[in-house]
Amino acid sequence: MELTFDVLIVSTGRVNLLEKCLDSIFLQKPKLLNMVLVLTHREDLETISFLERQKKNRSIKSIVVDVFPSPGASRNILIKESSASYIQFLDDDAYLPSQYYSKVLERLKKTNCIILGGPDRSPLDGDNFQKTFELALENKFVMGSTWERHSTKSGIVKMASEHQLTLCNLWINKKFIDEKNIYFNEDHKRCEENEFLKRISLIAQELVYDSNLYVYHQRRESWQDLIRIHFLSGFYRGVVSIEDLLQFRGIFVLPFIGGMVLLVGLTFNFELLALGFFLHAFPTLYFGLVYSYKLNDFKVVYYTFKIIWSIQVSFSLGIVFGFLKGLKNYVR
């Protein structure tokens with residue numbers, strides 16, 4: 001079967017970011033591109049109108065839904081609309097570096113893999129908050145064994161697990177998942193790709209990570225967004241861990257313990273909570289000072305606390321509540 005690919009994007013209410021994303025695709029003029037499929041909401045008239053204009057000279061198809069489905073359901077809709085041999089998942093707030101497609105297609109032809117992915121980086125033109133985010137995400141203290149999802153430092157190609165792969169930069173052999181009937185869990189609002197990749201890894205070994213195949217990804221900046229995103233990530237990691245105990249690996253023990261300490265401190269013992277934050281502040285301050293020196297901006301210390309505490313506190317609380325939710329469902 002000839003190697004062709006579709007790009008699958010879910011987007012609503014972010015035309016400025018979507019435009020940058022689409023430009024980065026089509027300016028490379030990838031010869032094997034079949035179609036860019038964009039799922040959006042019927043009430044988002046701005047995005048719909050923008051896509052209609054784009055269709056005049058670009059291979060774009062819009063899929064408009066009346067009720068916005070869960071992330072997993074959204075991606076399943078896009079998968080079923082695709083007719084290419086490979087599908088590329090890309091977030092609407094991400095964009096591609098030059099030569100991205102030539103590198104990816106060369107890798108696919110060499111390996112004929114089921115799954116191919118690489119890291120995401122903060123935007124090249126991002127401010128110091130975005131740059132601090134990149135430094136934090138490639139730090140093992142912050143991200144544990146998942147740090148490779150966000151780092152290009154290693155310059156390696158290797159067989160991968162869901163710890164290295166991220167959905168905003170993921171290629172999938174469509175024929176394989178159609179034949180095996182493997183799709184995203186539609187009940188999960190985050191973490192859906194981890195459970196999806198785990199199921200694939202149980203029946204196939206051809207999951208490849210290449211740190212050279214990176215995309216640029218705009219990071220959320222508000223406290224509210226950061227807390228919500230990482231709480232949901234932890235929550236659904238906890239749910240998945242009960243559904244499949246193989247998902248609950250050693251790297252999640254510390255966040256789980258941390259979440260329990262936070263929960264006990266919030267509920268019964270404020271002194272314990274204060275002690276936990278006090279002890280955690282030392283390594284966070286250290287990294288903040290290192291990053292501020294690198295970026296020559298003392299505000300980076302505040303950015304570091306905001307990013308690391310949003311990630312680790314929210315994820316830790318989320319994984320505890322998700323574990324309890326999964327346990328409750330399991331007992332039923």
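No experiment lies behind these values; they were computed from the predicted model shown.
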Next on the checklist: With ring pair (Phe, Tyr, Trp, His ring centres under 6.0 Å) as the criterion, how do F133 and F129 come out once you've worked through the C-alpha distance, each side chain's angles and the decisive distance to 0.1 Å?
Outcome noted: CA-CA 6 Å; F133 221 131; F129 180 86; 5.8 Å; yes
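- Both V38 and V15 belong to a single network of hydrophobic side chains, linked directly or stepwise wherever heavy atoms of I, L, V, M, F, W or Y lie under 4.5 Å apart.
- For the residue pair T4/N34, the side-chain donor-acceptor check at 3.5 Å is not satisfied.
- With contacts defined as side-chain heavy-atom distances shorter than 4.5 Å, the pair E138/M143 does not qualify.
- The residue from D91, D225, D120, D93 that alone fulfils the salt bridge (Lys or Arg N to Asp or Glu O under 4.0 Å) condition with R219 is D120.
- Salt-bridge annotation for K131 and D127: absent, with no side-chain N of the basic residue lying under 4.0 Å from a carboxylate O of the acidic one.
- Nearest heavy-atom pair, N173 versus F176, reported as atom, atom and distance to 0.1 Å: OD1-N, 3.1 Å.
- Here the closest non-hydrogen pair linking S161 and Q164 is N-OE1, 2.8 Å.
- A distance below 6.0 Å separates the ring centres of F141 and F287.
- Surrounding CD of E221 are more than 12 heavy atoms belonging to other residues, nucleotides or ligands, all under 6.0 Å away.
- Nearest heavy atoms, S151 versus P119: O-CG, 3.4 Å.
- Tracing side-chain contacts under 4.5 Å through hydrophobic residues (I, L, V, M, F, W, Y), one never reaches I9 starting from I48; they form parts of separate clusters.
- Side-chain atoms of S49 do not come within 3.5 Å of backbone N or O of L45 as any donor-acceptor pair.
- The local environment of CG in N296 is sparse, with at most 12 non-hydrogen atoms from other residues, nucleotides or ligands closer than 6.0 Å.
- I229 and F305 fall into different hydrophobic clusters, where Ile, Leu, Val, Met, Phe, Trp and Tyr are joined by side-chain heavy atoms under 4.5 Å apart, directly or via other members.
- Closest heavy-atom contact between I308 and A136: CG1-CB, 4.5 Å.
- Nearest heavy-atom pair, S82 versus K174, reported as atom, atom and distance to 0.1 Å: O-CE, 3.1 Å.
- Between Y302 and F298, the distance from one ring center to the other does not fall under 6.0 angstrom.
- Annotation: F321 is not in aromatic contact with F235 [ring centroid separation under 6.0 Å not met].
- Using a 4.5 Å cut-off on side-chain heavy atoms (C-beta onward), N212 and T152 make no contact.
- Listed by chain and residue number, E148 satisfy the salt bridge (Lys or Arg N to Asp or Glu O under 4.0 Å) test with K158 (two or more places apart in sequence, or in another chain).
- Geometric assessment of R121 against the ring of Y216 yields a negative cation-pi assignment under the 6.0 Å and 45° thresholds.
- If you check the side chains of Q88 and D6, you find no donor sitting under 3.5 Å from an acceptor.
- In terms of the ring pair (Phe, Tyr, Trp, His ring centres under 6.0 Å) criterion, residue partners of F5 (sequence neighbours excluded) are, by chain and number, Y101, W171.
- Judged by the 6.0 Å and 45° rule, K80 forms a cation-pi pair with Y183.
- Tested against E192, the residues R75, R237, R199 include a single salt bridge (Lys or Arg N to Asp or Glu O under 4.0 Å) partner, R75.
- A pairwise comparison of heavy atoms in A160 and V208 identifies CB-C, 4.0 Å as the closest pair.
- For S62 and K55, the side-chain atoms include at least one donor-acceptor pair closer than 3.5 Å.
- Between the side chains of Q312 and H230, no donor N or O sits under 3.5 Å from an acceptor N or O.
- You'll find the side chain of P71 stays beyond 4.5 Å of the side chain of V10, heavy atoms only.
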